[in-house]
Amino acid sequence: MNVDVIVVGAGPTGLLLAAELGLAGVRAVVVERLARRSGQSKALGIQPRSAEALELRGLLEPLMDRAVQRVPGGHFAGLRLDFTAWDTRHPYMIGIPQGRVEALLEERLGELGVQVLRGHEVTALSQDPDGVEATLLGPGGESPLSARFLVGCDGGRSTVRELLGIGFPGLDGKLSSVVCDITISDPDGAVSETWNLPVMTPDRAGKGYIAPIGDGVHRFLFYGPEQQGLSRYTPITEEEVGRALRNTFGPGVRLTGIRWASRFTDASRQVERYRHGRVLLAGDAAHIHSPMGGQGLNLGLQDAFNLGWKLAAEIGGWAHEGLLDTYHAERHPVAARVLANTRAQAVLLVHDEENLALRDIVDELLRVPEANRIVAGMISGLDIRYDLPGRCHPLLGRHVPDLDLVTPYGPDRVARLLRDGRGLLLTTADEAVFAEAAEPWSVRIGRAHVKGELGADAVLVRPDGYVGWAGSSADVAGLTDALALWAGALMR
């Protein structure tokens with residue numbers, strides 16, 4: 001089999017990337033070591049910016065149908081954050097097990113005709129200036145698979161990263177915790193059956209956080225003196241989980257079963273470059289960090305959303321020179337910032353006098369609306385601003401809100417007009433001038449009129465929902481430069 005792109009790893013990052021490629025007509029295949037989905041819940045939260053991105057492809061509504069709950073706001077080391085201060089239709093976290101997200105994305109791949117090869121492991125990789133060849137080990141033995149590009153989305157212990165000898169620098173973990181899916185007996189109702197924000201105030205004896213995830217199963221995360229210093233390979237016993245439950249909720253809550261359990265630390269690592277020739281890395285293969293704030297799944301999804309259309313442009317032959325390299329330039333700083341804020345959150349959860357004093361100060365600061373807004377933007381992903389070329393404008397590099405639009409076919413919204421994976425030119429004035437400038441790119445760029453304020457006469461929105469240019473009719477030359485960069489070579 002020869003394809004355009006091999007995606008290694010069928011987690012949310014790899015599946016969304018493959019969906020983006022399939023939407024653009026790219027021949028992609030997903031290679032997954034596991035023969036079937038594990039069934040483990042793993043990550044649990046979709047942040048506002050990820051919700052916006054999924055809505056841009058029509059995936060949010062079916063995802064909400066499978067969600068456990070909408071959670072108002074977010075948290076920073078258990079300190080409450082208010083997302084309503086940001087301009088979004090989704091100022092909440094969506095509580096949903098990762099397995100359900102994967103199932104939805106895999107269904108989308110079926111609709112797009114993108115194959116998932118389960119039970120196949122990559123055992124060797126080679127590349128040259130024209131492409132990549134992977135050796136797969138599957139039920140029938142070894143077989144070669146060739147492609148123009150390969151993307152490693154295969155997690156924190158990435159085989160792709162290891163085979164290429166790519167370093168993974170960073171910091172070892174200091175705080176050890178356990179996460180598990182459990183069933184409990186709770187005759188006195190000590191455990192809430194609604195999805196609340198974490199309350200994990202540091203305590204010398206350790207603390208935990210629990211949330212219902214459906215079908216009588218609860219996600220339980222805990223840490224304390226007992227967990228510190230243990231190897232991540234130390235078996236997690238019913239006695240250990242039971243003690244943590246009693247310590248957090250009292251003697252009335254009893255463990256009745258463990259569905260899945262894992263140890264983790266606040267280790268943080270990031271590759272120095274996301275692209276290595278014709279091999280790229282995304283999601284946990286490129287960066288790992290503690291789950292503080294619920295950002296990991298979202299960081300990977302947004303890596304995929306940034307990379308997919310750019311890789312499709314490269315495969316399609318119309319990408320501007322250097323477009324694919326903007327993936328690293330844009331996403332590496334975003335992940336570095338997440339690594340930093342998760343390390344800061346871990347500090348606020350350690351029980352000692354200095355850390356408790358710092359936590360009290362941060363708690364007080366987050367009660368100031370503007371300070372809360374800053375941190376809420378960081379955790380939710382709503383404050384992301386890419387450093388893009390072009391005349392400076394307040395909107396440049398930011399995501400465009402889901403604005404109400406006027407089209408020849410009636411009222412609409414930005415999210416619905418981006419579902420085909422093309423870019424979009426939004427205007428409030430001088431429409432004819434902008435329409436004439438954008439006409440040569442009409443195959444790749446749609447157009448619509450904004451109903452209300454936009455902050456510019458016109459805005460060029462990339463397929464991932466970020467503003468690639470904003471300005472007035474006096475800067476039509478800037479618009480054509482941006483179209484050449486983000487919409488590529490003219491059609492012949």
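The basis for the numbers below is simple: all heavy atoms, side chains too, and nothing from hydrogens, waters or symmetry mates.
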Note: Arg259-Asp181 ion pair, threshold 4.0 Å (strictly below)
no
Tell me, please, which residues at least two apart from Tyr466 pass ring pair (Phe, Tyr, Trp, His ring centres under 6.0 Å).
Tyr386
Sort and list the pairs that fulfil salt bridge (Lys or Arg N to Asp or Glu O under 4.0 Å) and have at least one residue in residues 44-58, not counting sequence neighbours.
Glu20-Arg57, Arg49-Glu52, Glu55-Arg413
Ignoring hydrogens and angles, write down the donor-acceptor pairs under 3.5 Å from the side chains of residues 277-284, residues two or more places apart or on other chains.
{"residue": "Arg278", "atom": "NE", "partner": "Pro129", "partner atom": "O", "Å": "2.7"}
{"residue": "Arg278", "atom": "NH1", "partner": "Arg148", "partner atom": "O", "Å": "3.0"}
{"residue": "Arg278", "atom": "NH2", "partner": "Pro129", "partner atom": "O", "Å": "3.1"}

Check salt bridge (charged side-chain N to carboxylate O under 4.0 Å, His left out) between Asp464 and all other residues, then give those that pass, not counting sequence neighbours.
Arg462
Could you list all the ring-ring contact (aromatic ring centres under 6.0 Å, His included) pairs where at least one residue sits in residues 75-97, not counting sequence neighbours?
His90-Tyr92
Check ring pair (Phe, Tyr, Trp, His ring centres under 6.0 Å) between His218 and all other residues, then give those that pass, not counting sequence neighbours.
none
Report yes or no: does Thr248 contribute a side-chain atom to a donor-acceptor pair with the main-chain N or O of Leu245 at less than 3.5 Å?
no
Quick one: list whatever passes salt bridge (charged side-chain N to carboxylate O under 4.0 Å, His left out) with Arg337, sequence neighbours left out.
Asp383
Suppose we screen for salt bridge (charged side-chain N to carboxylate O under 4.0 Å, His left out). Which residues come up paired with Arg275, at least two apart in sequence or across chains?
Asp325
Residue set satisfying salt bridge (charged side-chain N to carboxylate O under 4.0 Å, His left out) with Glu111, at least two apart, ordered chain then number -> Arg108
Just distance, no hydrogens or angles: give the donor-acceptor pairs under 3.5 Å from side chains in residues 135-144, sequence neighbours left out.
none

Once side chain to side chain donor-acceptor pair (under 3.5 Å) is applied, what residue pairs with a partner in residues 347-364 remain, sequence neighbours excluded?
Asp363-Arg367
All ring pair (Phe, Tyr, Trp, His ring centres under 6.0 Å) counterparts of His328, not counting sequence neighbours
Tyr274, His332
